[in-house]
Protein chains: 2
Amino acid sequence: MADDTTALGAAPGETSDAPRAWRTVLDHVETQLLAGALRPGDRLPGERALSTELGVGRSSVREALRVLEVLGLIRTQAGSGPNAGAIIIATPSGGMSALMRLQVAASGFPVADIVRTRLILETAVAADLADATPQPDLATSNALLDAMDSPDLTPAEFLALDAAFHLALAEASGNQVIAATMAGLRSGIEGYARAGLDRLDDWHETSARLRREHRGVVDAIRAADAPAARTRIHEHISRYYAETFIDPTPTPDDPDRRPADREHSAPW
Amino acid sequence: MADDTTALGAAPGETSDAPRAWRTVLDHVETQLLAGALRPGDRLPGERALSTELGVGRSSVREALRVLEVLGLIRTQAGSGPNAGAIIIATPSGGMSALMRLQVAASGFPVADIVRTRLILETAVAADLADATPQPDLATSNALLDAMDSPDLTPAEFLALDAAFHLALAEASGNQVIAATMAGLRSGIEGYARAGLDRLDDWHETSARLRREHRGVVDAIRAADAPAARTRIHEHISRYYAETFIDPTPTPDDPDRRPADREHSAPW
DNA sequence: CTGCTACTGTGGTCAGACCACACGAAAGCA
DNA sequence: TGCTTTCGTGTGGTCTGACCACAGTAGCAG
């Protein structure tokens, strides 16, 4: 369809219309994706090729590719051969994590909101797993649970396994959006979670309780007892945060964020 | 490779360790953000300044900035004055939308998973709003509802208002993470939603029902009847998708996606 | 004091040049 | 013939230097 565009489309200075050059590239890739011309596993044209093909500079192409890379859409590899170049991979978790992490860092996402969202999602996941007709595969989760029983784990290691466990549950539900979101939420509050360790009085006792609660959740799922799974995971998460965070209250008061309806005091 | 030459931190070729230059920039910004040295509203150093400061080329700085921009962390503005340059803004919805949209396009996110996630989130939001102690502010939602009553709306326009309504509810809950996620989910399936319009037998009847259901949800929230709010929003959403999508079944079968536990037949 | 005009700094883009790398084909050797 | 080595080639990764358009601002003219 006539790529009109002409060579003028993206001149150096660009004015009036001005679709930022890198946007052109991004849109082009998205279109190709939507049209099915590009599927996971495929290789994108080389940067130089895309550059001439779209009539933009290579740097602009690179800016777009960088975005795609961070968003988890492509993987780049220098060199030659079938594995080289930019190939399409749909790995959302990475992008989701980056987004959450940075937004939290920039106080765009209050930690409390993240925790609350996590609560909602995990509760639903647990109930979902319990109700699943073909008993869901919890092998990964169980393996992690066993690993957590190891007595010589540092709190940080335990925490990592804990996070993996929760993520494994989300993945077991088969919902990729939730799994990716959970991964993102996790990494968004990772720093706080680690910092919260110091706040615990008795780590030994806490870890024991966490392990117990984890087993409880899995047991409820196995027993196909959705209500119990819901309750247990809910309490598990909310209790932990109640212990490790001083005050999970949302952002104090930003000059440009209306503190309007914020105190919904949801019971988590 | 005897003579590695280079030896300088970030020489052109870079080897062994090789933290990709743009990553350096990204990490730097994130660190500054975490340290509080950079807050929303602040201006980042100029590209050239950052370039020399971090010892990387301007192109690398730009690649990083582009990522930050797409992620909704900064806003760039050419020219001079206080509004020029790259200033920190924490606007997650944009990045979330881009992420979702592209992942769906690349079949990284099955549409069904998105719908299901939306269902979970919105159900929770509705219940949350109903339980909120200070009656939440539903002014925006109501205004949209009224706008939707206009008889001369094209299906597409109606759909846009509908989306805005649902988003307004999420925003009213005060949870920014959910609001942003909802915005992302929406734009991820926007194309499908529009396409689904053709599938409707009687648009007039459908829109009337949708309006009725919307009011019903808001009424339940006003009445602080969380269970009703839950049920109504759930039915509202699931019914619509059941009507507009042929087969909400996840991706057929991708060579690299195990069709494992996927049929959890969630009741939507 | 007012209004116009240069100036300056900022992002946006492009073009060209290297580098390191990884693969594959050709050349060399057994 | 078959294996090893070498060289060539194409790819991403980066840097440098150069314009352009734009938006304030300082400074000059009225």
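Bear in mind the structure is a predicted one, so any value in this text is a computation, not a measurement. Worth knowing before you read on, the calculation uses all heavy atoms, side chains too, and leaves out hydrogens, waters and symmetry mates. Sequence lines set the chain letters: A, B, ... in the order given, protein chains first and strands last, and positions in each chain run from 1.
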List in chain and number order the residues that pass side chain to side chain contact (heavy atoms under 4.5 Å, CB included) with [X], two or more places apart in sequence or in another chain; answer none if no residue qualifies.
X: Leu167(A); result: Glu171(A), Met182(A), Ala183(A)
X: Ile87(A); result: Arg43(A), Arg75(A), Ile89(A)
X: Ala168(B); result: Thr140(B), Ser141(B), Leu144(B)
X: Leu34(A); result: Glu30(A), Ala105(B)

Check if the side chain of [X] and the base of [N] share a donor-acceptor pair of N or O atoms closer than 3.5 Å.
X: Arg58(A); N: dT14(D); value: yes
X: Arg48(B); N: dG17(D); value: no
X: Arg43(B); N: dT10(C); value: no

Between [X] ([atom1]) and [N] ([atom2]), how many Å, whole number?
X: Leu50(A); N: dT13(C); atom1: CG; atom2: P; result: 16 Å
X: Glu47(A); N: dT13(C); atom1: CD; atom2: P; result: 16 Å
X: Arg23(B); N: dT14(D); atom1: CZ; atom2: P; result: 11 Å
X: Arg20(A); N: dC20(D); atom1: CZ; atom2: C1'; result: 15 Å
X: Trp22(B); N: dC15(D); atom1: CH2; atom2: C1'; result: 17 Å

- Distance test, side-chain N/O of Ser51(A) to OP1/OP2 of dC14(C), below 4.0 Å: no
- Task: With sequence neighbours left out, write down each residue that passes salt bridge (charged side-chain N to carboxylate O under 4.0 Å, His left out) with Arg66(B), or none if nothing qualifies.
- Result: Glu63(A), Glu69(B)
- Kindly point out which of dG13(D), dC14(C), dT16(D) is positioned nearest to the side chain of Ser59(B)? dT16(D)
- Message: Using modelled atom types and a 3.5 Å cut-off, is there a donor and acceptor pairing between side-chain atoms of Ser60(A) and backbone atoms of Val56(A)?
- Response: no
- Close residues, residues 62-89 of chain B, relative to DNA chain D [heavy-atom separation under 4.0 Å]: Gly79(B), Ser80(B), Gly81(B)
